[in-house]
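Here the structure is a predicted model, which means the values were calculated and not measured. As a basis for the values below, the full set of heavy atoms in this structure was taken, side chains included, without hydrogen atoms, waters or symmetry mates. Order of the sequence lines fixes the chain letters, A, B, ..., with proteins taken first and strands second; residue numbering starts at 1 for each chain.
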Amino acid sequence: MLESQLVMREDDFTRIQTVIERLTRDANAKGIYIVDKAGQLIAEAGEMQGIDSTSLASLTAGCIAATGGLAKIVGEEEFPIHFHQGQRDNLHITLVGERMILVVVFDERSSLGLVRLRVKKAGAELARIFEDVKKKSEADAAASGSPFAEITDDDIDNLFSD
Amino acid sequence: MSFINYSSREINCKIVYYGPGLCGKTTNLQHIYNKTNPDVKGKMISLATETERTLFFDFLPLALGEIRGFKTRFHLYTVPGQVFYDASRKLILKGVDGVVFVADSQIERMEANVESLDNLKVNLLEQGYELEKIPYVVQYNKRDLPNAAPLEEMKRLLNATNVPEFEACATTGKGVFETLKAVAKGVLSDLKKMGS
Ligand SMILES: Nc1nc2c(ncn2[C@@H]2O[C@H](COP(=O)(O)OP(=O)(O)OP(=O)(O)O)[C@@H](O)[C@H]2O)c(=O)[nH]1
Ligand SMILES: [Mg+2]
């Protein structure tokens, strides 16, 4: 879909990474994930290396989609903040801009209050970056066409050669 | 929505398997999962009822290999086919890059097939997508059953626009990878055309 394709340049990715790494420290979080509403993982930070972040992304998007649907039914636009409390770990999920989701995993080293506070600022920052990314994506598509215009049918066939 | 990341050099695409209840969408994904190498696939997630009907979605991430130095990742989803799960189907179509319509070949399911295809078109339109404009293939599943409808009849009812179509038996795997390849190819060709 041309209108919704997202192309992330390296410098924007670095900006995002910088924000979420800082948020990890400021909020004493275990892990931070940015997921788009279609279920793709955009970026991650924190100490939870090796967990299944692909599944985490897909399920987060499903969860947000389902509660978004619930919101409409009861007459809300959206539920912008979600909090899931566990025995050890907790999840704090917020919407960022129009199509991103920010997931913070934290345990007793942090608190809901602290996470809320830090997410507010970082979320606003991230929303601005994603707005930039979106504009650039659109401008690029209009100006230079697809970054994959060079792909040949052979390239595609080769993917399936085995 | 395809997502191209220059930093990690990845392309991510979302493919949705659509079709009436019990047509074999989940079985398609299970076959793909069982037949791919561990280094190619992630975990398959099935949000299902106790009777194994899809409740929300199945999800299977696949890494197909590289194109021009970019890793291509496909995220396969199935929708719940039962009519009353329409709200969930709409949600799963969000950001879709390619669609597989799985039809149940059994003659008594023909009406359900047609209804589901209409439902797909309506739900796509609601998000501003036209089925004719997205990479799309049709699979005629359950060809092994004795009560399978003639192919010609199914084509006429379900593939008016003549998109790539495949006969399949998802339980044995026949036609499953052919279908996946065709839709993946469609999605990548679209990426190539985009903006040009
Ligand atoms: N004979 C035969 N049975 C099949 C075939 N494909 C799937 N089935 C069977 O059909 C039943 C339903 O398959 P599923 O894959 O769960 O169907 P589904 O489309 O995911 O159904 P929902 O989740 O309710 O939408 C299972 O018992 C499968 O084993 C096929 O090609 N031939
Ligand atoms: Mg299913």
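Proximity to chain A is absent for every atom of B:I92, based on heavy atoms less than 4.5 angstrom apart. Heavy atoms closer than 4.5 Å to chain B are found nowhere in A:I73, neither backbone nor side chain. Proximity to chain A (any heavy atom under 4.5 Å) is restricted, for B:I11, to the side chain, taken from C-beta onward. Only the side chain of B:F59 comes within contact range of chain A, with heavy atoms under 4.5 Å apart. Residue contact with chain B, scored on non-hydrogen atoms closer than 4.5 Å, involves the backbone and the side chain of A:D155 alike. Contact of B:Y77 with chain A is made through the side chain alone, with heavy-atom distances under 4.5 Å. Looking at B:E66, the atoms closer than 4.5 Å to chain A (heavy atoms on both sides) all sit in the backbone: N, CA, C or O. In this structure, no portion of A:D12 lies under 4.5 Å from any heavy atom of chain B. Contact annotation for B:T72: only side-chain heavy atoms (C-beta onward) come within less than 4.5 Å of a heavy atom of chain A.
At least one side-chain heavy atom of B:K41 sits less than 4.5 Å from a side-chain heavy atom of B:Y33. For the pair A:E78 and A:K72, the minimum side-chain heavy-atom distance is 4.5 Å or more. Residues A:D107 and A:R88 have side chains not in contact (no heavy-atom distance under 4.5 Å, counting atoms from C-beta outward).
Between the side chains of A:E10 and B:N5, no donor-acceptor pair is found at a separation under 3.5 Å. In summary, the side chains of B:N119 and B:D86 do present a donor paired with an acceptor at a separation below 3.5 Å, with no hydrogens or angles considered.
Shown here is B:E132, whose CD atom has more than 12 heavy atoms of other residues, nucleotides or ligands within 6.0 Å. More than 12 heavy-atom neighbours from other residues, nucleotides or ligands sit within 6.0 angstrom of CZ on B:R143. Counted within 6.0 Å of CD on B:E126, heavy atoms from surrounding residues, nucleotides or ligands total more than 12; the atom is thus considered enclosed.
Per-residue heavy-atom pair counts under 4.5 Å with chain A were compared for B:R9, B:K14, B:K94, and the maximum is reached by B:K14. Of the listed residues (A:S58, A:G68, A:S55, A:A38), the one with the most heavy-atom contacts under 4.5 Å to chain B is A:S58. Per-residue heavy-atom pair counts under 4.5 Å with chain B were compared for A:I42, A:D36, A:L41, and the maximum is reached by A:I42. Heavy-atom pairs under 4.5 Å with chain A were tallied for B:I67, B:L180, B:L188, B:L93; the largest tally goes to B:I67.
If you take CD on A:Q17 and CD on A:E21, they are separated by 4.5 Å, rounding to the nearest 0.5 Å.
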